[in-house]
Amino acid sequence: MFKKILIANRGEIAVRIQRACRELGIKTVAVFSDADRQAMHVRYADEAYYLGPSPSRESYLRGDKLIDIARKSGAEAIHPGYGFLAERADFAAACAEAGLVFIGPKPSSIAAMGDKATARATVAKAGVTIVPGTEGQGNLRDEELLTLAPKIGFPLLIKATAGGGGKGMREVNSLEEMPELLQSARREAEASFGDGNVYLEKLIEGAHHIEFQILADQWGNVIHLGERECSIQRRHQKLIEESPSPFLGNNEALRRRMGEVAVQAARSVDYLNTGTIEFLVDNNYNFYFLEMNTRLQVEHPVTEMVTGIDIVAEQIRIASGLPLSHRQEDIRWRGAAIECRINAEDPYNNFMPSVGRITLTQFPTGPGVRVDTGVHVGYEVTPYYDPLIAKLIVWGETRTQAILRLRRALEEYRIAGVRTNIPFHQSMMASYSFLSGAYNTRFVEEQFPGIDAAENRELYLDIAALMATLVTHHETERRSQIYSRPPRPSLWKWGLFPERPKR
Amino acid sequence: MKYIAEIDGLEFPIEILDEHHVRFGQEIIEVDLAAVSGQPIYSLLVNGESYEGYVYPEEGFLQVLLMGQFYSVRVMDEREKRLRTAGAAVSPTGEFTLKAPMPGLVIAVPVEEGQQVEKGQILVILESMKMQNELRAPRAGKVSRLRVKAGESVEQKQPLLNIV
């Protein structure tokens, strides 16, 4: 087992990884940018080193500096977390060259799954069904894509081959609007990934986004830890994830088949460590391979809560050469878990990012509640990194208990100084469609009525008015007391100063 | 002492009678306000019912976080109220200055100086926290002055453009 690990990340995930290291008796090395000097991941670490200025390309994306710090500090391995360098094959290769263990898959698997068009071709060859689209035909020009489009059928999606996070993605409803959308998709892909190549994929309407967690060791063992339903999304960003998927429900045959296909897809790229196979499932329960994320996912705690397995600890064990701790037949799923991503954004103002100093945090606790965070009172939320400030995860024996618990926990959660999307989660937990589990990837943008501000708001308007007035009044009173305080006893009374001449 | 609290365009007249009694509209109610030690958290009892709130000042308003919602409250005494009303009467519709709601990078400015804009029209696209945000016109008008261009980094509250 390793003695020391460098964590090439920040925020809640860096803290999460440090926790796993602590439990395994491994020393941790943190890195930080200017903006993160006082961050929790710096304060929790055994050692912490300065990386560079706040923009990520000058700090958390500086692979060369990270490798340098790892060597100097005597770390044997680097955990990339998610985002930043987690899915960069060149960084994984550079680690290996420097004699450091990259806690993740082999560079070849990252590359194979990183190019979305190659990934589709690879898994299709292994017998996995993919969403119909342009396949394995290399990089296509606009004219070729325009000829292929009607064969795929509209509506369809233009996607960046280097893509992720919805960047360079466009929905096309007709051939007429396609040339313009192709242009803007290429432009955005070029700006985001330095690669303007795109491919086409049929748009599956009303689809569910369901993903399977994979674990694979160096000894040829590949298992899955079940699914996560991630259909609650806004602008292709996941907001709520849960396991088990209410859509799959009691359909154990389908669940088993999807798990087997996920393992098969991972094997097709000779996978190692942890990863996620994403599927789209249509209303007739047909499922299609969408892509593979070759890293630890933001939403991994959902799976940890229902399986009891510490996925980050498993990652570290696998990277150190140990075999998996569990066989597929040992995995048991118990109860239901739901995660809400708490983002610094204003749900009343079109989810506009909110920056500022956090002045109050009170986390919910109690039975079945887990909070993964990297912020604290006094911490400054800056515009440099993503808006995720915490993840609230609950577990219940049943989905209903989990929802009731989540409502309770959201109510307990206090955070001030920045706006958060907690009110969004609260109204989601009151939405009938969510409660009944009848939702798909279109739900938030097309059907969710939004935050029902009016009703609750009016109920407490008078209390808010009263509280603000009383606080103002007390402040005014306090101040006037200071002004009218009797003067200090004069010092010359005690003979300390000579008497002043009277004017 | 008489106050007027304004929230969401509604006015609540509140008169402090003594430490534990206020006149709220026509009604006299019993109140007790206690600060949770060392923090801007307050516990308020209203006729024995307990409420917890977080109260802090921001730009002339008191921000109240109560039952999971934010309320922006302007508390005025009678003199301030008179001043405000008088001020509002002479102030013209005036110029609107669009300010950056957060620091970020200007991605695009899809309007030109002198251009007539509709309410809700996109004025500036600002990238922050890995997201592109559309800043829209709060009312119709003419762009009288453009102060930024695409590619520029801006600070929070920096003026971006003016509308008359």
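Throughout, protein chains are lettered first and strands after them, A, B, ... in sequence-line order, and every chain is numbered starting at 1. As a basis for the values below, the full set of heavy atoms in this structure was taken, side chains included, without hydrogen atoms, waters or symmetry mates. Just so you know, these numbers come straight off a predicted model, no measurement behind them.
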Distance-minimising heavy-atom pair for B:Y56 and A:G417:
OH-N, 4.4 Å

Bottom line for B:E6: the part with an atom under 4.5 Å from chain A's heavy atoms is neither

Quick one: pull up OG1 in A:T472 and CE in B:M76 and give me the separation to the nearest 0.5 Å.
10.5 Å

Flag the pair A:D346 / B:F70 as yes when at least one side-chain heavy-atom distance between them is below 4.5 Å, and no otherwise.
no

Does a sphere of radius 6.0 Å around CD in A:E475 hold more than 12 heavy atoms from other residues, nucleotides or ligands, not counting ones at 6.0 Å or beyond?
yes

A:L470 versus chain B, heavy atoms under 4.5 Å apart: side chain, backbone, both or neither?
both

Could you give the distance from CG (B:D8) to CG (A:L461), rounded to the nearest 0.5 Å?
5.5 Å

Measure the shortest side-chain to side-chain distance between A:H473 and B:Y3 over non-hydrogen atoms and say whether it is less than 4.5 angstrom.
yes

Which residue out of A:R419, A:R235, A:E411, A:Q237 racks up the most heavy-atom pairs below 4.5 Å with chain B?
A:R419

When heavy-atom pairs shorter than 4.5 Å are enumerated against chain B, which of A:T476, A:V377, A:V471 gives the highest number?
A:V471

Can you find a heavy atom in the side chain of A:R414 that is under 4.5 Å from one in the side chain of B:E52?
yes

With the side chain counted from C-beta on, respond yes when A:T359 and B:P40 share a heavy-atom pair under 4.5 Å apart, and no when they do not.
no

How about A:L459 and B:M67: do any of their side-chain heavy atoms sit closer than 4.5 Å?
no

Which bit of A:L410 comes within less than 4.5 Å of chain B, counting heavy atoms only: side chain, backbone, both or neither?
neither

Quick check for you: to the nearest 0.5 Å, what is the distance between B:D77 atom CG and A:T469 atom OG1?
11.0 Å

Heavy atom to heavy atom, less than 4.5 Å: which residues from residues 12-29 of chain B reach chain A?
B:F12, B:I14, B:I16, B:V22, B:F24, B:I29

Contact origin within A:E412 toward chain B - heavy atom pairs under 4.5 Å
neither

Measure B:I4 against the heavy atoms of chain A and call it side chain, backbone, both or neither at under 4.5 Å.
neither

Scored by heavy-atom pairs under 4.5 Å with chain B, the best of A:T420, A:V355, A:L360, A:I415 is A:L360

Given a strict heavy-atom distance threshold of 4.5 Å, which part of B:L105 is in contact with chain A: side chain, backbone, both, or neither?
neither

Quick one: what part of B:Q156 sits under 4.5 Å from any heavy atom of chain A, side chain, backbone, both or neither?
side chain

What heavy-atom pair brings B:V64 and A:A468 nearest, and what distance separates the two atoms?
CG2-CB, 4.0 Å

Chain B heavy atoms under 4.5 Å from A:T382: which part of the residue, side chain, backbone, both or neither?
backbone

Top contributor to chain B contacts, counting heavy-atom pairs under 4.5 Å, from A:Q426, A:H474, A:E345
A:H474

Which atom names give the shortest non-hydrogen contact between A:P353 and B:S128, and what distance separates them?
CG-O, 4.0 Å

